[in-house]
Amino acid sequence: MTERELRKLEATIRTKMEDIKAQRVTMKDSGIGVLLNSLKKVDEALYEKILPEYKIIAANYNIFK
């Protein structure tokens, strides 16, 4: 995966996190889990950086708890 594709993946994940936070889409419908898993395979350091933010969103903004 190129640097450009990696940046695009990160931007997509962050956009989906904002959508979940604004409750425009559910976590399941956003498909963010698949994106995070692919990020983990490619760049684990970036994955570790994004994961705490994702956990906060999952705990606080998940519509279907």
Side-chain angles (χ1 to χ4, degrees):
M1 181 174 273
T2 64
E3 182 69 27
R4 182 176 182 192
E5 291 171 331
L6 187 60
R7 286 185 195 167
K8 187 175 180 180
L9 179 60
E10 179 185 6
T12 303
I13 290 171
R14 292 196 184 276
T15 302
K16 290 191 183 277
M17 287 170 55
E18 289 300 318
D19 288 344
I20 293 167
K21 196 182 279 190
Q23 297 185 346
R24 289 186 284 257
V25 66
T26 64
M27 293 181 78
K28 183 178 179 183
D29 292 338
S30 71
I32 195 168
V34 175
L35 296 174
L36 285 171
N37 285 336
S38 63
L39 178 64
K40 185 176 183 180
K41 291 176 186 174
V42 177
D43 188 352
E44 195 160 339
L46 182 59
Y47 172 80
E48 293 295 328
K49 182 180 172 186
I50 291 177
L51 191 62
E53 299 171 35
Y54 172 73
K55 285 183 177 181
I56 290 170
I57 290 173
N60 296 332
Y61 299 101
N62 192 2
I63 300 170
F64 302 105
K65 288 185 179 178

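For reference, positions follow the sequence shown, starting with 1.
- With rounding to the nearest 0.5 angstrom, the CG atom of Leu36 is 4.5 Å from the CD1 atom of Ile13.
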Solution key, residues 43-54 side-chain donor-acceptor pairs under 3.5 Å, sequence neighbours excluded:
| residue | atom | partner | partner atom | Å |
| --- | --- | --- | --- | --- |
| Asp43 | OD1 | Ala45 | N | 3.4 |
| Asp43 | OD1 | Leu46 | N | 3.4 |
| Glu53 | OE1 | Arg14 | NH1 | 2.7 |

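- If you take OG on Ser30 and CZ on Arg24, they are separated by 12.0 Å, rounding to the nearest 0.5 Å.
- Interatomic distance, OG1 of Thr26 versus CD1 of Ile32, reported as 11.0 Å (0.5 Å rounding).
- With hydrophobic clusters built from ILVMFWY side chains whose heavy atoms lie under 4.5 angstrom apart, Ile20 does not share a cluster with Ile56.
- A distance of 8.5 Å separates CE of Met1 from CG of Leu39, quoted to the nearest 0.5 Å.
- Taking CD from Glu10 and OG1 from Thr12, the interatomic distance works out to 10.0 Å, rounded to the nearest 0.5 Å.
- Qualifying salt bridge (Lys or Arg N to Asp or Glu O under 4.0 Å) partners for Glu5, counting only residues two or more places apart in sequence or in other chains: none.
- A pairwise comparison of heavy atoms in Leu35 and Ser38 identifies O-OG, 2.8 Å as the closest pair.
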